[in-house]
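These notes concern the structure reproduced below.
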Amino acid sequence: MYLEQARTDELAALVAVAREGSFVAAAAMLRRHPTIVSKRIAALERRLGVRLLERTTRRVRLTEAGAQLAERILSATNAILEAEQEAAAGGIELKGRLRLAFPAAMGRQWLAPAMPAFARRYPGLDIEVDYAERHVDLIGEGFDAAVRLGTLGDSRLVSRKLGDHRIVLGASPDYLDRHGIPASPRALVDHNLLRYTGPVLVPEWRMRKGPLRETILPSGSYRSNDIDTLLEAARQGIGIVGFGEWSMVRDFAAGTLVRLLPEWQFEIDGGIHLVRPSAKFTPARTEAFIQWITTLFAGGLPWENQSICNEMQVPTC
């Protein structure tokens with residue numbers, strides 16, 4: 001019995017460090033001293049004969065073997081929790097912590113207004129939503145699911161496409177009156193292109209129209225790592241901005257921005273994806289969110305479907 005408990009403690013220590021990123025934070029999570037957590041993982045490494053963590057002065061990072069083991073442990077834990085939920089009261093009320101990651105600007109505009117409806121449907125859930133433009137490490141940071149824009153690169157994740165992600169160009173009527181309307185992507189080099197410097201930075205704009213292809217290196221006098229900042233600059237006539245269609249659809253409808261080169265498409269359009277850690281068993285709480293958001297997008301993209309806008313209780317699209 002002691003041996004079984006010791007092994008359980010070692011595995012719990014590894015999972016805590018994987019979630020929190022440091023011995024101190026993991027120890028606080030487990031309500032143990034950091035040296036105890038360190039000793040448990042060292043014992044686990046000796047027993048398995050493999051290094052699970054790379055230790056630095058500031059933080060610890062899982063090795064490939066450590067990440068794989070932590071993922072398997074979390075998968076097994078989720079399966080147990082799911083079985084418990086199914087056994088309790090027929091699974092009527094979902095409980096537990098649900099961690100979600102949304103892209104910051106798109107999430108605030110189109111997902112945040114809808115999330116209270118999900119929370120009301122499952123009042124027993126402890127929901128935490130992280131808004132960031134960066135792609136979080138779902139497995140390493142302990143997220144249950146995320147919405148991502150563009151192309152996917154992590155093969156460890158299970159994905160489901162919710163819709164298409166199209167990049168569009170926009171500028172204010174005042175800017176176009178002063179500088180003219182570009183007739184082709186090549187003409188954009190003569191304009192002030194507002195540059196996004198965030199984590200999903202694409203240095204080149206590759207565009208196509210049928211068999212035609214054009215590539216430009218955008219440059220301008222105004223840059224930011226915040227999408228809303230650049231959109232506001234475009235509304236005030238500073239230059240031309242290029243973001244997802246979701247970010248400008250209201251401006252196009254209101255006339256504060258004008259869509260440019262609508263017949264041209266960006267080659268980096270990609271999709272809107274729901275992703276979750278690759279695991280054989282999905283916790284019931286995660287499955288409930290997957291079903292909910294899939295249904296939300298089933299009738300089309302929210303900014304293209306007025307009925308979905310009404311359901312999400314957001315202003316006119």
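In this chain, numbering begins with 1 at the start of the sequence shown.
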So how far is it from [X] [atom1] to [Y] [atom2], rounded to the nearest 0.5 Å?
X    : Y    : atom1 : atom2 : result
Q291 : F118 : CD    : CZ    : 10.0 Å
L111 : L100 : CG    : CG    : 10.0 Å
M248 : R235 : CE    : CZ    : 9.5 Å
I227 : S247 : CD1   : OG    : 7.0 Å
K161 : D164 : NZ    : CG    : 4.0 Å
R160 : I272 : CZ    : CD1   : 15.0 Å

**Request:** Please lay out, stage by stage, how F243 and I167 fare under the test side-chain contact (heavy atoms from CB on, under 4.5 Å).
**Result:** CA-CA 5 Å; F243 285 126; I167 307 295; 5.8 Å; no
Whether the side chain of [X] engages the backbone of [Y] through a donor-acceptor N/O pair (distance < 3.5 Å, no angle test) should be reported.
X    : Y    : value
S38  : P34  : no
R285 : L125 : no
N192 : I238 : yes
E141 : D137 : yes
S172 : L257 : no
E45  : L52  : yes
T294 : I290 : yes

Looking only at heavy atoms, which two atoms of [X] and [Y] are closest? And how far apart?
X    : Y    : answer
L194 : L230 : CD1-O, 3.5 Å
L217 : E204 : CD1-CG, 4.2 Å
A43  : E10  : CB-OE2, 3.5 Å
G237 : D174 : CA-OD2, 4.3 Å
I216 : P185 : CG2-O, 3.5 Å
L260 : P182 : CD1-CG, 4.1 Å

Measuring only between side-chain heavy atoms, which start at C-beta, is [X] closer than 4.5 Å to [Y]?
X    : Y    : result
L261 : V168 : no
W292 : R121 : yes
Q109 : D228 : yes
R148 : P103 : no
L162 : H273 : no
V249 : W110 : yes
L53  : R61  : no
R208 : T215 : no

**Request:** With side-chain contact (heavy atoms from CB on, under 4.5 Å) as the test, would you mind laying out the steps for L44 and L69 before giving the verdict?
**Result:** CA-CA 11 Å; L44 180 60; L69 179 57; 4.2 Å; yes
Are [X] and [Y] connected, step by step, through hydrophobic side chains (Ile, Leu, Val, Met, Phe, Trp, Tyr) whose heavy atoms are closer than 4.5 Å?
X    : Y    : value
V50  : L11  : yes
V24  : I41  : no
V129 : L274 : yes
I240 : V189 : yes
L48  : L62  : yes

Could you tell me whether [X] and [Y] have a side-chain N and a carboxylate O separated by less than 4.0 Å?
X    : Y    : value
K95  : D126 : no
R99  : E128 : yes
E214 : K209 : no
R276 : D144 : no

**Asked** Listed by chain and number, what are the side chain to side chain contact (heavy atoms under 4.5 Å, CB included) partners of A42, not counting sequence neighbours?
**Response** R46
**Item:** Pairing residues for A28 by the side chain to side chain contact (heavy atoms under 4.5 Å, CB included) criterion, not counting sequence neighbours
**Value:** none
**Asked** What is the ring orientation for H191 with Y175, classed by angle as parallel under 30°, tilted 30 to 60°, or perpendicular over 60°?
**Response** tilted
**Asked** Which word best sums up how the rings of W205 and F266 line up, parallel for under 30°, tilted for 30 to 60°, or perpendicular for over 60°?
**Response** perpendicular
**Request:** Take F143 and L98 through the test side-chain contact (heavy atoms from CB on, under 4.5 Å) and record every step on the way to the result.
**Result:** CA-CA 8 Å; F143 284 93; L98 179 67; over 6 Å; no
More than 12 heavy atoms of other residues, nucleotides or ligands under 6.0 Å from [atom1] of [X]: yes or no?
X    : atom1 : value
R223 : CZ    : no
F252 : CZ    : yes
E64  : CD    : no

**Asked** With sequence neighbours excluded, what pairs up with E245 under the salt bridge (Lys or Arg N to Asp or Glu O under 4.0 Å) test?
**Response** R166, R259
**Message:** One pair to check against side-chain contact (heavy atoms from CB on, under 4.5 Å): R213 and E267. What are the steps and the verdict?
**Reply:** CA-CA 10 Å; R213 299 288 189 276; E267 294 187 351; 3.0 Å; yes
**Any donor-acceptor N or O pair under 3.5 Å, side chains N225, T197** = no
